[in-house]
Amino acid sequence: MQDISATGISLLVKADKTFPNGFTVTQFADDADPFDLPSLGIAATAMNINGGLVTWSAPQPINPTLNVIPGSEDDNNLATLFEANRAAAGKTVARDIITIVATYPDGSTVTLSNGKMTSGFPGKSIASAGRMKSKAYSFMFQDLALTRAQ
């Protein structure tokens with residue numbers, strides 16, 4: 001029997017300038033996917049003039065999104081990272097290089113490295129349900145390493 005429960009997952013987010021020691025993320029949203037690693041295309045294809053299939057490797061960045069509870073300590077840390085890396089006139093940008101290590105309940109890990117935060121929420125939004133919207137923070141990473149459960 002396979003137990004696929006995600007209860008107990010935690011993420012360690014490190015940013016080389018803003019959070020060099022990192023911070024742990026565990027306060028995930030309940031109305032959006034907490035830690036989303038979307039599918040990734042790894043090859044491109046075409047048909048040549050004679051109908052033969054031609055393929056080639058197509059490197060793609062890895063684009064995870066974290067959804068956290070608005071106003072939580074995790075949201076505050078991610079908002080600090082967002083603001084430190086948001087470009088604006090007259091503002092110094094941190095240019096953090098980010099690493100995220102996801103540790104799953106079965107002991108397996110996913111390490112995403114050589115990354116940048118690409119989007120986040122600059123303030124608080126309200127959902128039509130009358131509650132604060134969960135805060136989504138997206139990243140792009142160059143590298144990924146996996147360890148399997150023991």
Side-chain angles (χ1 to χ4, degrees), residues 1-20 22-70 74-75 77-123 125 127-129 133-150:
M1 177 175 74
Q2 294 292 318
D3 183 349
I4 60 171
S5 173
T7 302
I9 187 171
S10 67
L11 307 177
L12 176 63
V13 178
K14 289 186 178 185
D16 68 331
K17 295 176 183 67
T18 307
F19 289 100
F23 59 91
T24 302
V25 176
T26 60
Q27 298 166 325
F28 295 108
D30 66 339
D31 60 345
D33 291 339
F35 178 51
D36 187 28
L37 278 168
S39 75
L40 187 65
I42 60 171
T45 62
M47 299 297 283
N48 71 16
I49 192 133
N50 293 322
L53 180 65
V54 179
T55 66
W56 60 95
S57 294
Q60 300 292 323
I62 302 156
N63 179 220
T65 300
L66 309 181
N67 287 287
V68 295
I69 297 170
D74 294 346
D75 177 32
N77 287 334
L78 289 162
T80 298
L81 183 59
F82 172 81
E83 187 57 34
N85 287 278
R86 185 182 65 83
K91 183 176 182 279
T92 301
V93 179
R95 299 180 186 204
D96 280 306
I97 297 172
I98 298 169
T99 300
I100 296 177
V101 179
T103 303
Y104 294 86
D106 65 0
S108 63
T109 64
V110 171
T111 301
L112 301 157
S113 56
N114 293 316
K116 292 285 184 183
M117 181 179 270
T118 56
S119 68
F121 280 87
S125 296
S128 62
K133 274 190 176 181
S134 293
K135 302 285 277 300
Y137 296 92
S138 293
F139 302 81
M140 289 286 186
F141 289 92
Q142 175 179 302
D143 300 310
L144 175 128
L146 305 167
T147 63
R148 305 282 180 215
Q150 301 297 336

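- Within the model, atoms CG of D75 and CG of L66 stand 11.0 Å from one another, a figure rounded to the nearest 0.5 Å.
- The backbone N or O of S128 sits nowhere less than 3.5 Å from a side-chain atom of K133 that would complete a donor-acceptor pair.
- Side-chain contact between L53 and M47 is present, with heavy atoms from C-beta onward closer than 4.5 Å.
- A 4.5 Å side-chain heavy-atom check between D74 and I69 finds every atom pair outside the cut-off.
- In this structure, the side chains of F139 and L112 stay at 4.5 Å or more apart for every pair of heavy atoms.
- When side chains are defined from C-beta on, L78 counts as touching M117, because their heavy atoms get closer than 4.5 Å.
- Considering only heavy atoms from C-beta on, T18 comes within 4.5 Å of T80 through its side chain.
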Legend entry - Verdict with supporting geometry, F19 and L81, side-chain contact (heavy atoms from CB on, under 4.5 Å): CA-CA 8 Å; F19 289 100; L81 183 59; 4.3 Å; yes
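- Between the side chain of N67 and the main chain of Y137, no donor-acceptor pair closer than 3.5 Å is present.
- Without hydrogens or angle criteria, T65 side chain to D36 main chain gives no donor-acceptor distance under 3.5 Å.
- Within the 3.5 Å criterion, the main-chain N or O of G52 finds no donor-acceptor partner in the side chain of N50.
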Inset, instruction - Any chance you could lay out the side-chain contact (heavy atoms from CB on, under 4.5 Å) test for I98 and F141, step after step, and finish with the verdict? - result: CA-CA 8 Å; I98 298 169; F141 289 92; 4.0 Å; yes
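- Minimum interatomic distance between G8 and P105 (heavy atoms only, all atoms of both residues): C-CG, 4.2 Å.
- Residue L37 holds its CG atom at 9.0 Å from CD1 of I100, rounded to the nearest 0.5 Å.
- The minimum heavy-atom distance between S134 and P70, with the atom names listed, is CA-CD, 4.0 Å.
- The backbone N or O of I97 sits less than 3.5 Å from a side-chain atom of D16, completing a donor-acceptor pair.
- Residues A102 and F35 approach most closely at CB-CE2, 3.7 Å, considering heavy atoms.
- One finds the CD atom of Q60 at 10.5 Å from the CD1 atom of I42 (value rounded to the nearest 0.5 Å).
- Distance alone, capped at 3.5 Å, is enough to place a donor-acceptor pair between the N85 side chain and the D96 backbone.
- Checked by atom type and distance alone, the side chain of K91 pairs as donor or acceptor with a backbone atom of E83 at under 3.5 Å.
- In this structure, the side chains of L146 and S108 stay at 4.5 Å or more apart for every pair of heavy atoms.
- Across all their heavy atoms, K116 and R95 have their closest contact at NZ-O, 3.1 Å.
- Using a 4.5 Å heavy-atom threshold, the side chains of F28 and I9 count as touching.
- Atom NZ of K14 and atom CZ of F23 lie 12.0 Å apart (nearest 0.5 Å).
- For the pair V68/Q27, no side-chain contact is recorded, criterion being any heavy-atom separation below 4.5 Å from C-beta on.
- In this structure, T147 contributes its side chain and T109 its backbone to a donor-acceptor pair below 3.5 Å.
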